[in-house]
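Step one of this worksheet: look at the structure below.
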Number of protein chains: 2
Amino acid sequence: MSNVKDLIRAGDNPDITAERRKATFPIGKMSAFIHGGEEKLQRRHEILEFVESVPEFQDPIPVEFMSREERCDNNARKAVAMTDRTDAIDGSDFFGEGMFYQSLIMGRDLHAMSLHYVMFVPTLQGQTDDEQLDHWLTLAIGRGILGTYAQTELGHGTNLSKLETTATYDPKTEEFVLNSPTVTAAKWWPGSLGKSSNYAVVVAQLWTKGVCHGPHPFIVQLRDEETHMPLKGIRLGDIGPKFGINGGDNGYLLFDKLRIPRRNMLMRYSKVLENGDYVAPQHSKLGYGTMVFVRSVMIRDQSMQLAAAATIAIRYSAIRRQGELKPDNGEVQILDYQTQQFRLLPQLAKALVFLFAASEVRDLYMQVTEQLSTGNTELLAELHALSSGLKSVVSWEVAQGIEQCRMSCGGHGYSHASGLPEAYGYAVGGCTYEGENIVMLLQVARFLMKVAESVKRQDSKLSDIAAYIGLKGAKNSKFTSVDKTPVDELVRDFEHIARQQVFVACNILSENQKRMAPELAWNATSVELCKASRLHVKANLMKSYLRRVSQCQDSQIRPVLVDIGRLFALDALTHHASSLTMGGYLSDAQLLAMKQGIYTLLARLRPNAVALVDSLDFSDRELHSVLGRRDGNVYQALLEWAQQSQLNKTDVLPTFEKYLGPMMKDARSKL
Amino acid sequence: MSNVKDLIRAGDNPDITAERRKATFPIGKMSAFIHGGEEKLQRRHEILEFVESVPEFQDPIPVEFMSREERCDNNARKAVAMTDRTDAIDGSDFFGEGMFYQSLIMGRDLHAMSLHYVMFVPTLQGQTDDEQLDHWLTLAIGRGILGTYAQTELGHGTNLSKLETTATYDPKTEEFVLNSPTVTAAKWWPGSLGKSSNYAVVVAQLWTKGVCHGPHPFIVQLRDEETHMPLKGIRLGDIGPKFGINGGDNGYLLFDKLRIPRRNMLMRYSKVLENGDYVAPQHSKLGYGTMVFVRSVMIRDQSMQLAAAATIAIRYSAIRRQGELKPDNGEVQILDYQTQQFRLLPQLAKALVFLFAASEVRDLYMQVTEQLSTGNTELLAELHALSSGLKSVVSWEVAQGIEQCRMSCGGHGYSHASGLPEAYGYAVGGCTYEGENIVMLLQVARFLMKVAESVKRQDSKLSDIAAYIGLKGAKNSKFTSVDKTPVDELVRDFEHIARQQVFVACNILSENQKRMAPELAWNATSVELCKASRLHVKANLMKSYLRRVSQCQDSQIRPVLVDIGRLFALDALTHHASSLTMGGYLSDAQLLAMKQGIYTLLARLRPNAVALVDSLDFSDRELHSVLGRRDGNVYQALLEWAQQSQLNKTDVLPTFEKYLGPMMKDARSKL
């Protein structure tokens, strides 16, 4: 897809063809750089071709026209077909081939086996002892059972210590008794828990010999393997429709004194012996692995959603003509409006910055996994802080960005034909699941406040990621204009405002601590603390982007990537303008110059906009959007899409015979 | 509902009862002030009681569990029942009783007759001559026909002059020939066009004697009155599912040389005579009436959506306990977290500010309608500018605010049980329909640039709404702290940044005009122009709020309302902090004091938060949210709600027999 000759075809909308012809760089090269090399790009195309070739992977009608029941059915069907054929991809490359393969088949949906692969199997891998591993992992990986991960409860999310489900050891029968003492103890939310899974890892408060040892994981059979009926002592079901991701079930689960064998406790780190003695774990942090894995995957997944939304909206803006700039010159492409560029091009920039950051997180995750296998936990804390902060900032910015893309398509963006409502509903969930964003930011802030204290005391070496907080920094920004200011200076500006906010928050915290208990002081500072975390993460995003761009030597590609980085920087910095102007670090004139810089960059990037989104290498299948089609022939396709509406199955709906017809007839007869 | 004794009942969640008991003001009084007096409030309760009493108004199951077909059917049924019983309300009070009655019955949905009442009937009232009025209005108001308003086309929205549908006069038969020359000429979007309506007002390019006179309205029969089959020469249908508002059909419509009588042109202002002579209208602006009406209605409707979302999220945050502030003190209400207050209380403040502004717009609309009936168009332009600007700012802030409310409810906000995804999908459409927001802001900017020129030339009196732009204003903000600064000074701060931005934009525009054609200069300034419009609207919102509060003399209510106004102001002002600090108008210390002011207000409003949302007087029926229930008994209700999920009709889904069961059995047999 990423060669101009593949992108431009006979019969395409001439406006989009003209855009592709005026690109200042070779799209294929840009695409290879973004996706990590020619070879990776080639694999994308092979996998796409494979997926297109398998009849079982196709939807009988577009999923947006299906009822929830039909959609879940279709997804379960495709999920089995997908996992039947995993030989087609390199399973060890989950971040790359695995995610891509799945997204091509499943679209913006989870399915009956999502949690099995993302949570159940990794938890078994991480938390079982060797004997348990042999038994359960073999079953799970072989698809002999389907599992999920049940932790969150109806009344309890973030604060795991208050989970209510209990697992009480009975030494007489050598069993645990699982119980849900209240309605708020119901397990709530896990994907596939309600209908599809027959097993789950359940997190419950472990009681033995009258003592509670806190939450621990247990493997629990939920349904009969042959009949799939829920087992006695178990009440479960689906929890109903959601904002997005409605192609699978989510579940609730209540236990009525269900007994499970002692060895169903996952015993890699903690154990309960036959006699009920509790053996505590040696490393308390090792359980983080799965969580960090999921967040790392999320960052890439979210970035791709924004990239897709930007592709859809930019392509559509190139073929949509509306309004005139010069009289009698015909209607213009809406991408020519500055306001439209201002809405869209920063989203494209963010998508690229986030994607490159996702690669770094993936690399760090791989490194940590290797270290952990030798018992080394050195980098785990850093990965945890980095992934929490990035997850929070990226998911928020992605959701906001998708909505900007959607609204910039006007009315057509509101239709499911655009794919954008679905993309938003899917992505915005990421602000909440796997650690609510504000909670995540406050975790990062804990780390930053330690750094600030450490800097004040000058007593220890700072980790790489926080080293800038210990530096003095310049008194004034060096920014003059977008072209005269080296892009590295923009990093200094980010660092300045992040550092400044870390100490602003730290000082407010100290002041508050003089007047109230430490926990209340923390709470009274929390808005400022979140801001410090956000700025810290953004500074890191900018740095990680430039590290990646520095690997690019191509003279046609590099300048465009640098401009993208500048746009990201100026857009983010001007959003925090009052932090920049505080203390005179940035003057009013410099701030105006930054804004002017944005307008300059918008105008300069405009001619390459379509080529840039083409470089993201999305196929029509992956975009799943009538507006984002490669060929730009949107209107005819919209009309064809609409024909499939559920309401168009008959010319006259039953509502006419039942309600509207009699009403009108009666009224006319009286006139 | 609005007396404490009605609000507090046995069996309620004790946390929410405790909140109600600690209110510093009488909820009933606050409620009466918000809703315009005791009598209006009383009517709300009577209408609610009536609606609850009519069996035909009830949903057999909650609408979120229905398929689109079922939902449209249910809505058509309720719409007929609703319009059968309009005697129960004062039909002349559409902004009050009419909207309330409809929202109680239809929820966050449109229905088969929405456009009939909001667009079709008002257009007939405004655009027909007397003879036409007699015929068509009688039929329409009597419900003998069902109409809609078809203007937007697949390829054309904002720029009406480029609509492609033609109405060509044929003097031989004294008919117009309606035609859709291309696929982009398809009428697209009108509510009820695809399935429910049998008539429409169609806007088409009027051609007669070889000359095009631009877009004009025609009344067109779409379907046979008896059979409801589409007429020959007409192709129409539904356009498919959308982000929200899926309880009715939207339509497309294509004409194949359809002939309609000459007198089907709406001839109040323009005419075509039998011989084909065109008679031009005398007042070109009179057609604005319906548009301004719809925008005025929208502002109230949108404000109520945010008010509802704030009610849901604040009540839920009072009963949700999570995390600990002081160790061993138990989990705290999440409303006690500063970050939660920071997310929610400004939304409540906005809702009230917007609601009060909506009342002013309604009053102005009433005044303009009266003037127009005597041919006086003096205030129409002002109403148009005001309603466009408010529509744009309010719909954006409401959508953002609902999402903040939704996310602040954590996972449960993502479920349709919360009502919040539905509220968002419904409200965010308002950013796009009835004038895309950016387009609206640029219209306001045209007005502001005229004002700026006028101020520079000192040549004319400014309208009331823009008078502040001509004033000099203070050099420095008087802000010291939230309590020492009179609230009127915050108005001065708003005016300062709005005025400043008007001239910043004006100057950039002048500079750009030196280098390029006027239209290109306008485009190159448009981001700055939009900002000027937003600040202008926000300044007006603050002023209109304080005008309303100044009518309140009650010593218990007034201080709370003033604090709400302060919170709105400081929240909005700190979002534009760099505009305030520009040129040294606000110092760094003052800016920090503003932020501290927000934290002070959050803490001060916290104890009244539940009482304030109670004062909005929403019934559980209107909120339609498991999380927002008056009684606070959320968890049991969530469990009950979930039982109704489409997927819970059977214990075992067909997916098990079809896909998952065989897969697992096969795998187990091989292990």
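Values in this document were obtained by computation on a predicted structure and should not be read as measured data. Just so we're on the same page: letters track the sequence lines, and every chain starts at 1.
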Heavy-atom pairs under 4.5 Å with chain A, option from B:G194, B:G413, B:G244 with the top count
B:G244

Is A:K670 close to chain B through its backbone or its side chain, or both, or neither, when contacts mean heavy atoms under 4.5 Å?
neither

Decide side chain to side chain contact (heavy atoms under 4.5 Å, CB included) for B:I239 and A:S645; before the verdict, give the C-alpha distance in whole Å, the side-chain angles of both, and the deciding distance to 0.1 Å.
CA-CA 7 Å; B:I239 62 165; A:S645 166; over 6 Å; no

Short question: side chain of A:E519, backbone of B:K326 - any donor-acceptor pair under 3.5 Å?
no

Nearest 0.5 Å, what's the OG1-CG distance between B:T339 and A:L442?
6.0 Å

Which atoms of B:T650 approach chain A - backbone, side chain, both or neither, heavy atom under 4.5 Å:
backbone

With the side chain counted from C-beta on, respond yes when A:H228 and B:L653 share a heavy-atom pair under 4.5 Å apart, and no when they do not.
no

Considering only heavy atoms, which portion of B:Y252 lies under 4.5 Å from any heavy atom of chain A: side chain, backbone, both, or neither?
side chain

Between the main-chain N or O of B:D336 and the side-chain N or O of A:N523, is there a donor-acceptor pair closer than 3.5 Å?
yes

Structural part of B:L520 lying under 4.5 Å from a heavy atom of chain A:
side chain

Look only at the side chain of B:H416 and the backbone of A:K242, and say whether a donor-acceptor pair between them is shorter than 3.5 Å.
yes

Only pairs of heavy atoms separated by less than 4.5 Å count here; which of A:L580, A:L591, A:T227 has the most with chain B?
A:T227

Among B:G157, B:A517, B:A81, residue most engaged with chain A (heavy-atom pairs, under 4.5 Å)
B:G157

Bottom line for B:V183: the part with an atom under 4.5 Å from chain A's heavy atoms is side chain

If I measure from the heavy atoms of chain A, does B:T432 come under 4.5 Å with its side chain, its backbone, both, or neither?
side chain

For the interface with chain A, which of B:A577, B:S408, B:A524 has the highest count of heavy-atom pairs at distances below 4.5 Å?
B:A524

Checking B:A76 against chain A: side chain, backbone, both or neither under 4.5 Å from a heavy atom?
both

May I ask you to decide whether B:E226 forms a salt bridge with A:K665, counting only side-chain N to carboxylate O separations under 4.0 Å?
yes

Do B:C72 and A:L647 touch side chain to side chain, with heavy atoms closer than 4.5 Å?
yes

Under a 4.0 Å threshold between the charged nitrogen and the carboxylate oxygen, would A:D73 count as salt-bridged to B:K658?
yes

Decide yes or no for B:L638 and A:W188: does some side-chain heavy atom of the first lie under 4.5 Å from some side-chain heavy atom of the second?
yes

Student check: side-chain heavy atoms of A:E69 and B:S67 closer than 4.5 Å:
no

Let me know if B:Q400 has heavy atoms under 4.5 Å from chain A in its side chain, its backbone, both or neither.
side chain

Where does B:S418 contact chain A at under 4.5 Å (heavy atoms): side chain, backbone, both or neither?
neither

Looking at A:H412, A:Q643, A:K595, which makes the most heavy-atom pairs under 4.5 Å with chain B?
A:H412

Pair A:R143-B:D666, side chain to side chain contact (heavy atoms under 4.5 Å, CB included): steps then yes or no:
CA-CA 9 Å; A:R143 303 187 302 169; B:D666 182 50; over 6 Å; no

For chain A, find which of B:Q596, B:K649, B:R343 contributes the most heavy-atom pairs closer than 4.5 angstrom.
B:R343

Top contributor to chain A interface from B:G240, B:C530, B:P518, B:S526 [non-hydrogen pairs under 4.5 Å]:
B:S526

Where does B:L154 contact chain A at under 4.5 Å (heavy atoms): side chain, backbone, both or neither?
both

What residue, out of A:F656, A:Y599, A:F342, has the most heavy-atom pairs lying under 4.5 Å from chain B?
A:F656

Taking every heavy-atom pair that is under 4.5 Å apart, which of A:E657, A:H575, A:E324, A:Q644 has the most such pairs with chain B?
A:E324

Please tell me if the side chains of A:V428 and B:R406 come closer than 4.5 Å, counting only heavy atoms from C-beta onward.
yes

Would you say B:Q322 and A:T158 are linked by a side-chain donor-acceptor pair, where the criterion is simply a distance under 3.5 Å?
yes

Assess whether a salt bridge exists between A:E436 and B:R320, defined as any Lys/Arg side-chain N lying under 4.0 Å from an Asp/Glu carboxylate O.
no

For the interface with chain A, which of B:V80, B:T182, B:D651 has the highest count of heavy-atom pairs at distances below 4.5 Å?
B:D651

Measuring heavy-atom distances to chain A, does B:N198 have an atom under 4.5 Å in its side chain, in its backbone, in both, or in neither?
side chain

Side chain, backbone, both or neither: which part of A:R321 has an atom under 4.5 Å from a heavy atom of chain B?
backbone

State the CG-CZ distance between A:L660 and B:R223, to the nearest 0.5 angstrom.
10.5 Å

Minimum heavy-atom distance between A:A667 and B:G142, given as atom pair plus value
CB-O, 3.0 Å

Counting C-beta onward and ignoring hydrogens, is there a side-chain heavy-atom pair between B:L254 and A:L639 closer than 4.5 Å?
yes

Can you tell me which of A:M407, A:Q636, A:Q341, A:E64 forms the most heavy-atom pairs within a distance under 4.5 Å of chain B?
A:M407

Show the nearest heavy-atom pair for residues B:R668 and A:L139, with the distance to one decimal.
CG-CD2, 4.1 Å

Tell me, do A:E331 and B:H156 make a side-chain contact under 4.5 Å, heavy atoms counted?
yes

Where does the angle between the aromatic ring planes of B:Y424 and A:F243 fall among parallel (under 30°), tilted (30 to 60°) and perpendicular (over 60°)?
perpendicular

Indicate the ring-plane relationship of B:Y414 and A:W189, choosing parallel, tilted or perpendicular according to the 30° and 60° boundaries.
tilted

Report yes if some heavy atom in the side chain of A:K195 is under 4.5 Å from a heavy atom in the side chain of B:V652; otherwise report no.
no

When you measure from the side chain of B:D588 to the backbone N and O of A:G583, does any donor-acceptor pair fall under 3.5 Å?
yes

Could you check which of A:N648, A:L529, A:I438, A:T655 has the highest count of heavy-atom pairs closer than 4.5 Å to chain B?
A:N648

Between A:P241 and B:W641 the two heavy atoms that sit nearest each other are CD-CH2, 3.6 Å

